[in-house]
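Below: the structure, in structure tokens.
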Protein chains: 2
Amino acid sequence: MATMSPRRVELIDAAARLFSERGYHGTSMQHLGEALGMQRGSLYAHIGAKEDLLYDVVADGAGRFLARGEAAMALPATASEKLTRLLIDHVTTATDHLAASTVFLNEWRYLSPEHRDEIQTKRDRYEEIVRLIVAKGIDTGEFRPDADVRFAATLFLSAANWVYTWYRPEGELAPEEIGRRFADLIVKGLAP
Amino acid sequence: MATMSPRRVELIDAAARLFSERGYHGTSMQHLGEALGMQRGSLYAHIGAKEDLLYDVVADGAGRFLARGEAAMALPATASEKLTRLLIDHVTTATDHLAASTVFLNEWRYLSPEHRDEIQTKRDRYEEIVRLIVAKGIDTGEFRPDADVRFAATLFLSAANWVYTWYRPEGELAPEEIGRRFADLIVKGLAP
DNA sequence: CCTACCGATCGGTAGG
DNA sequence: CCTACCGATCGGTAGG
């Protein structure tokens, strides 16, 4: 990562954009070459195979979300605050990196088995973080005792992960505001 | 539709399954031929082009969801009851027709522009139905007056449309129960 | 529904 | 980074 050439970075950017628009299988090396103004064969000076690009894009996306998750969990704050903070960060991250997030969420299943397993582990960890925050809120009495941890976490993830399908930068609501409103609704649903 | 041959029905079924597993662009006519035990060229006795199959699968999915939506709206019931009923029906439909629902939700963007527009209209109508139910609940005082109609509807749709990514038939919860728990959380979030 | 074929394009490589 | 190429496969058609 530290030694990644500028060309490789450009290539990953173009891959994120093209894969998000046309899908991984709908994007050819030819398309990628045109996006960078070079012959498709020349791309192999920078990568070993097409799947490397998918992995790079997906791993970037996974890494970003997970970093926000770990940060939210480490906050000295109530469960409601952590949940709200994380949902805002999640939405902001998804919208700031819309192409990469789209690829992360809907093309990751085309990764090679090894790469897929690695990403699955990160997804599992992220989900666990959300559950831990909800469970903590129940413990402290902040959320109602009969709340369903798994369903509350899944509702959180559903709202967060569906944003990329409808968010448009020209829309009237800022990403922060979107995250906040979802969090309000969910936190109210969890109130005692 | 009334005159659809058994072979064509088999073909659409196989397309739903394969497109949901490998994506539209990741599925070749060769794959489809193998699934039906025939040569790929022979498939053209039943369809005009590969895209016809995508359209058939997506249109089936869209039609099913929309029918549930219109039915829920027509119920003689409170807004909470309609919302709960629709969410249960949505989840049940998505899980009963998991492959077609998956294709409907994540391959529809590869339709031809005309077909895409037609499906978009149905999606818009479905979303409108959810909003109308929420708005009605606010009018009658069933939901709190400051509830955000668009966000409540989007939270509903997010939960409903994310199910296909994590639902597994061998899981412990029945689809009805999944829909009911989501509905409870959302309705509680809307309570005055 | 099959055989045999169409031109185009696929991901990837060699050699410079 | 390009030229020139590899074998394989793509969606689709003709003619039977």
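Just so it is clear, the model here is predicted, and its values are computed rather than measured.
Taking the six-membered ring wherever Trp is involved, the centroid distance between the rings of B/His90 and B/Tyr126 falls below 6.0 Å. The aromatic ring centres of B/Tyr164 and B/His97 sit 6.0 Å or more apart.
A donor atom on one side chain and an acceptor atom on the other are found under 3.5 Å apart for A/Arg68 and A/Thr93. A donor-acceptor contact under 3.5 angstrom links the side chains of B/Tyr55 and B/Glu118, judged on distance only.
With a heavy-atom cut-off of 4.0 Å to chain A, the contacted part of DNA chain D has its first and last nucleotide at D/dC1 to D/dC5.
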Identify each donor-acceptor pair in which a side-chain atom of residues 144-157 of chain A lies under 3.5 Å from a protein atom, sequence neighbours left out, and give them as a table.
residue, atom, partner, partner atom, Å
A/Arg144, NE, A/Gly189, O, 3.4
A/Arg144, NH1, A/Asp146, OD2, 3.4
A/Arg144, NH2, A/Gly189, O, 2.7
A/Asp148, OD1, A/Arg150, N, 3.1
A/Asp148, OD1, A/Phe151, N, 3.1
A/Asp148, OD2, B/Arg181, NH1, 2.4
A/Arg150, NH1, B/Glu172, OE2, 3.3
A/Thr154, OG1, A/Arg150, O, 2.7

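Between the side chain of A/Glu81 and the backbone N or O of A/Thr78, at least one donor-acceptor pair lies under 3.5 Å.
Within 6.0 Å of NZ on B/Lys136 lie no more than 12 heavy atoms contributed by other residues, nucleotides or ligands. The local environment of CZ in B/Arg116 is crowded, with over 12 non-hydrogen atoms from other residues, nucleotides or ligands closer than 6.0 Å.
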Next on the checklist: For Watson-Crick and G-U wobble pairs within 3.5 Å on both distances, what is DNA chain D written in dot-bracket notation, | included for inter-strand pairing?
Outcome noted: ||||||||||||||||
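The residue among B/His46 and A/Ile47 whose nearest nucleotide of DNA chain C lies closer to the 5′ end is B/His46.
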